[in-house]
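Following: one structure in structure tokens, then a few remarks.
Here the structure is a predicted model, which means the values were calculated and not measured. Naming: A, B, ... by sequence-line order, numbering from 1 per chain.
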2 protein chains.
Amino acid sequence: MPDAEGHPFVEDMELGAIFAALADPLRRRVVQILACEAQDDTRLCNSFGLPVSKATRTHHFRILREAGLIRQTDLGNGRSNRLRREELEARFPGLIALVLAGGEAAVAPLCVSASAEPDTR
Amino acid sequence: MPDAEGHPFVEDMELGAIFAALADPLRRRVVQILACEAQDDTRLCNSFGLPVSKATRTHHFRILREAGLIRQTDLGNGRSNRLRREELEARFPGLIALVLAGGEAAVAPLCVSASAEPDTR
DNA sequence: ATCCAGGTATGATGTAAATCGTACCTCTGG
DNA sequence: CCAGAGGTACGATTTACATCATACCTGGAT
């Protein structure tokens, strides 16, 4: 079902996995940030200000990717993250709006610059 | 925040708890059944055909109640369950439609009679 | 009064999830 | 070429969750 990089096809996305992914405040925050940015925004994993270690960050992005919420592109160094907006809207209309409606997933400013801080922690 | 029976107020509902509750296929099924029935449908906990023990069933209904998805009324014996449809729609518009859009949470017929079977298991 | 059906409460148990440290890989910039 | 930044992989730990069995409570039917 998933492609080589672990992205499920739209028709294989599961609501259970989506909900499980969005149940975590950190992951929900990532989606919120991507969702409230302009079209096709692309950012690196470390640019979300997640208060966890690198290893844990990778873990969270994997969950998001495997649920189908984001599409990741390997740049060798760095990895770009993009919300799968249209696909999600087609398969689960209203999902993204809902995540946005949930209010800040309490961690930081959000739409404003979640600047990439050094790898503290 | 919650009232005496453990129901959160609309304004206290949290998207995280909602998503966590709906991540489980059994609980999602309960919500689907309630959602696709007519207005203000009320059913007992054992009428959903959940393939788990009584204790586990109680557990799942507690999660649903504390997330704000259902409202339970104690009847002494038995306990009626009702989807908090309008309140949910006001707070998280599109949520219910989304759960329905997710397709059958693979367990049984669904909208058709999930008849109350004897307490096997 | 009894019994039973529907639920809750309380542990116990097994599995899954979040977290981290460390080691490693891949590009880019001196 | 070497150092460093961005990530992944692996193993360990700790916590949360789904599950059950058992004991108990409440109201309706017999």
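- In this structure, CZ of Arg62(B) is placed 14 Å from C1' of dT19(D), rounded to the nearest angstrom.
- Every residue meeting the side chain to side chain contact (heavy atoms under 4.5 Å, CB included) condition with Glu89(A), not counting sequence neighbours, appears here in chain and number order: Pro93(A), Ile96(A).
- If you take CG on Asp74(A) and CZ on Arg79(A), they are separated by 5.0 Å, rounding to the nearest 0.5 Å.
- Side chain of Arg57(A), nearest nucleotide from dT19(C), dC20(D), dG7(D): dG7(D).
- Of the candidate nucleotides dT8(C), dT8(D), dT19(C), dT8(C) has the atom nearest to the side chain of Arg79(B).
- In this structure, Asp24(B) atom CG and dA17(C) atom P are separated by 12 Å, rounded to whole Å.
- The residue among Ala55(A) and Ala20(A) whose nearest nucleotide of DNA chain C lies closer to the 5′ end is Ala20(A).
- With salt bridges taken as basic N to acidic carboxylate O contacts below 4.0 Å, one links Arg43(A) and Glu37(A).
- Here dA18(D) presents its P atom at 14 Å from CZ of Phe61(B), a figure rounded to the nearest Å.
- Summarising the geometry, atom CZ belonging to Phe48(A) is positioned 4.5 Å from atom CZ belonging to Phe61(A); distances are rounded to the nearest 0.5 Å.
- The nearest whole Å value for the distance from the CG atom in Asn46(A) to the C1' atom in dG6(D) is 7 Å.
- Atom CG in Asp74(B) sits about 10 Å away from atom P in dT26(D), given to the nearest Å.
- Nearest heavy atom pair, residue Leu44(A) against residue Ser80(A), reads CD2-N, 4.2 Å.
- Here dT8(C) presents its C1' atom at 14 Å from CG of Asn81(B), a figure rounded to the nearest Å.
- Contact check, His60(B) against dT19(D): a side-chain N or O comes under 4.0 Å of OP1 or OP2.
- Rounded to an integer number of Å, the gap from NE2 of His59(A) to C1' of dC10(D) is 14 Å.
- In terms of the side chain to side chain contact (heavy atoms under 4.5 Å, CB included) criterion, Thr58(A) has no residue partners (sequence neighbours excluded).
- Taking 4.0 angstrom as the limit, Thr56(A) places none of its side-chain polar atoms (N or O) nearer than this to OP1 or OP2 of dT19(C).
- Between the P atom of dT8(D) and the CD1 atom of Ile63(A) lies a distance of 13 Å, rounded to the nearest Å.
- Two residues are said to be in side-chain contact when any heavy atoms from C-beta on lie closer than 4.5 Å; Thr42(B) and Asn81(B) fail this criterion.
- Residues forming a side chain to side chain contact (heavy atoms under 4.5 Å, CB included) with Ala20(B) (at least two apart in sequence, or on another chain): Ala23(A).
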Secondary structure string for DNA chain D (Watson-Crick or G-U under 3.5 angstrom, | for other-strand pairs): ||||||||||||||||||||||||||||||
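- Shown here are the salt bridge (Lys or Arg N to Asp or Glu O under 4.0 Å) partners of Arg71(A), two or more places apart in sequence or in another chain: Glu87(A).
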Protein-nucleotides 24-30 of chain C N/O pairs under 3.5 Å:
none

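- Comparing dA9(C), dT8(C), dT19(C) by their nearest atom to the side chain of Thr58(B) picks out dT8(C).
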